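Predicted model only: the values in this text are computed from it and were never measured. Residue numbers begin at 1 in each chain, while the letters A, B, ... track the order of the sequences.
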Amino acid sequence: MRLADLQRRFVANLYGEPADLRDVVRDEGGIAVADRVAIYRNNLRTGFEKALALEFPVIATLCGEAFFTRLAREFQQAHPSACGDLHYVGEPFPPYLRQRFDGGDHAYFADVATLEWAREQAARAADAPPLDLAKLGAHTAADAAGSRIRVHPAVRLTGSRWPVLSIWEAHQGPGEVRGVDLGAGAEQVLVRRAANGILLERITAAELALLAGLQRDETLGAAYESAIAIDPGFDVAASLQRCVARGLFCG
Amino acid sequence: MRAPHHREVLERLPDVGWFEAHSENYFADGGGSIAALERVRERWPVALHGVGLALGSADPLDREHLRRLARLARRIEPWAVSEHVCWGHAGGRHTNDLLPMPRTRESLRHLVARVSELQDALGRQVLLENVSSYLEFTGAQYTEAGYLAALAAESGCALLLDVNNVYVNARNHGFDAESYFDELPPAAVREFHLAGHEVTQVGGTEIRIDTHDRLVCDEVWALYASAKRRFGPVPTLIEWDAALPSLDTLVAEAKRADAIG
């Protein structure tokens, strides 16, 4: 059998499709061919589930072991790993959860997963020297409204109608997971990289609109318009200062 | 070298000769992990060990993966870059596992071409490592060691000999580990791996699973002593990837390996 045919058939079998391997795998005696193949099928499932649980530890805890195992398997069938680097298996997980739990009791899972994936991305994003306040002044003085400010590559922004950061925080540290009132309302989260790791902070909806606009390479004026549409009293100067102090911009 | 040990390694500066890192764990564009590896590299030689390129897959080679590996190699300047004699995906579906090669002339030709492409892309010789296996494909035209020897001869690559994997496969498939060594070209072996494995039963028959989650067993230490006599004291790595022990345990295993032979 040609190499490509053998490999397609073997992978199909591991993914649970009816692909006969009797003439492909040698019968060595002792352990049956099907049991030998089952070792690899089990590795495929547990390896994938483990990688997913590492990327989405809060979702794994919210689900509990048995449900997470089932969910991981369903997700793996719908989105088989498409890369030799396991760090990418979780990329389609938040949209998958959105569609899977749409409108149900677990609809907030997708937003929690989005936050967890944002942390992963922030950890792996490019390095860039932060912009200092003096440079920001020079940058914006000539034509403040028309200027553009580059948001640091490791900044991620996510908003939810659920208290996603409170849910995430309740799952950190040892001990019992604290209950969170799902009705507590929306939270917007800034994810950024600092010297001591990845930090998550609550920000206002207006601040999120400003930063999201800048991240889309809009002018400061356009991003400001989105922010004051949400909060007419939004203090853009104070907000920009806070952003610079936290290293959210780069040169 | 695993992320949970980054800080302790950089603070305690353990007395070991070098470190090896899974290439894919440092493919990030930036951030803390790659920065930690760069700091380790300032003090020790580092080898990059890939687990995801799956050179034996008939699917097209993942150019982005190759680009990231080349970028990492430029950044770290490793003393060795290694990959596995394996395949891992078909029709775009990945298993993220090290699947054994069907040992045919066709698959060897394919693997030789891929290894050559990798060596050209990196501008250096690479090391290819034997993997543990729990099954063999039909139609083998080479022994496992014969396949490695032919790969090295035809592609010009060197070999990373995982002594634990030789032992695991010798027990799983019933061959003699010493005869395996006889078939390898001695000068091609440039690095050893040692690791712990699990012994389990399937339907009443024993099988050994390569788990990298425990101490090296006595039989593998004995085989390692023999490998060292044949192939010389090439750098040896203790692989431990799951149920990570303390740094002290790892350093003690590395010292035990150094003391042999």
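Between the A/Q7 side chain and the B/G56 main chain, a donor and an acceptor come within less than 3.5 Å of each other. Looking only at distances, no side-chain donor or acceptor of B/H94 sits under 3.5 Å from a matching main-chain atom of A/S81.
Of the listed residues (A/I39, A/D35, A/V24, A/I198), the one with the most heavy-atom contacts under 4.5 Å to chain B is A/V24. For chain B, the option among A/M1, A/Q76, A/E28 with the highest count of heavy-atom pairs below 4.5 Å is A/E28. When B/T138, B/D62, B/T205, B/T200 are compared by the number of non-hydrogen pairs under 4.5 Å with chain A, B/T138 comes out ahead. In terms of heavy-atom pairs under 4.5 Å with chain A, the best-connected choice from B/H173, B/H89, B/H110 is B/H173. Heavy-atom pairs under 4.5 Å with chain A peak, among B/A54, B/S33, B/S57, at B/S57. Note: B/A58 leads B/A58, B/S23, B/A35 in heavy-atom pairs under 4.5 Å with chain A. The choice from B/L53, B/I209, B/I207 that makes the most heavy-atom pairs within less than 4.5 Å of chain A is B/I207. Top candidate by heavy-atom pairs under 4.5 Å with chain B, chosen from A/P80, A/G197, A/G47, A/A126, is A/A126. Options B/E24, B/E136, B/R68 differ in how many heavy-atom pairs under 4.5 Å they form with chain A, and the most are formed by B/E136.
The distance from atom CZ of A/R41 to atom OG1 of B/T95, rounded to the nearest 0.5 Å, is 13.0 Å. For the atom pair A/L86 CG and B/H22 NE2, the distance stands at 11.5 Å (nearest 0.5 Å). Separation of atoms CZ (A/R2) and OG (B/S107) is listed at 11.0 Å; rounding is to 0.5 Å. Rounding to the nearest 0.5 angstrom, the gap separating the CG atom in A/L6 from the CE atom in B/M101 is 9.5 Å.
A heavy-atom distance below 4.5 Å is not found between the side chains of A/R26 and B/F137. The side-chain heavy atoms of A/F48 and B/N96, taken from C-beta on, include no pair separated by under 4.5 Å. Residues B/D29 and A/R124 fail the side-chain proximity criterion, which asks for heavy atoms closer than 4.5 Å. Taking the side chain as every heavy atom from C-beta outward, A/V37 and B/L135 approach each other to under 4.5 Å.
Annotation for B/R124: atom CZ counts as buried by contact number, over 12 foreign heavy atoms lying within 6.0 Å. Other residues, nucleotides and ligands contribute more than 12 heavy atoms inside 6.0 Å of the CZ atom of B/R75. Sparse packing is recorded around CZ of B/R43, with 12 or fewer heavy atoms of other residues, nucleotides or ligands lying under 6.0 Å away. Around CD of A/E65, the count of heavy atoms belonging to other residues, nucleotides or ligands within 6.0 Å does not exceed 12.
Neither the backbone nor the side chain of A/A51 has a heavy atom closer than 4.5 Å to any heavy atom of chain B. At a 4.5 Å heavy-atom cutoff, the contact between B/S133 and chain A is made by backbone and side-chain atoms alike. Using a 4.5 Å cut-off between heavy atoms, A/D23 touches chain B through its backbone atoms (N, CA, C, O) alone. Only the backbone of B/E206 comes within contact range of chain A, with at least one heavy atom under 4.5 Å from a heavy atom of that chain. At a 4.5 Å heavy-atom cutoff, the contact between B/N172 and chain A is made by backbone atoms alone. At a 4.5 Å heavy-atom cutoff, the contact between A/R8 and chain B is made by backbone and side-chain atoms alike. Contact annotation for A/A4: both backbone and side-chain heavy atoms come within less than 4.5 Å of a heavy atom of chain B.
In this structure, B/A90 and A/V11 approach most closely via the heavy-atom pair CB-CG2, 3.8 Å. Scanning both residues, B/P102 and A/L3, for their nearest heavy atoms gives CG-CD1, 3.6 Å.
Using a 30° and 60° split on the angle between ring planes, B/Y134 and A/Y40 fall in the tilted class, from 30° to 60°.
Stacking of B/R93 on the aromatic ring of A/Y15 is recorded, both the 6.0 Å distance cut-off and the 45° axial limit being met.
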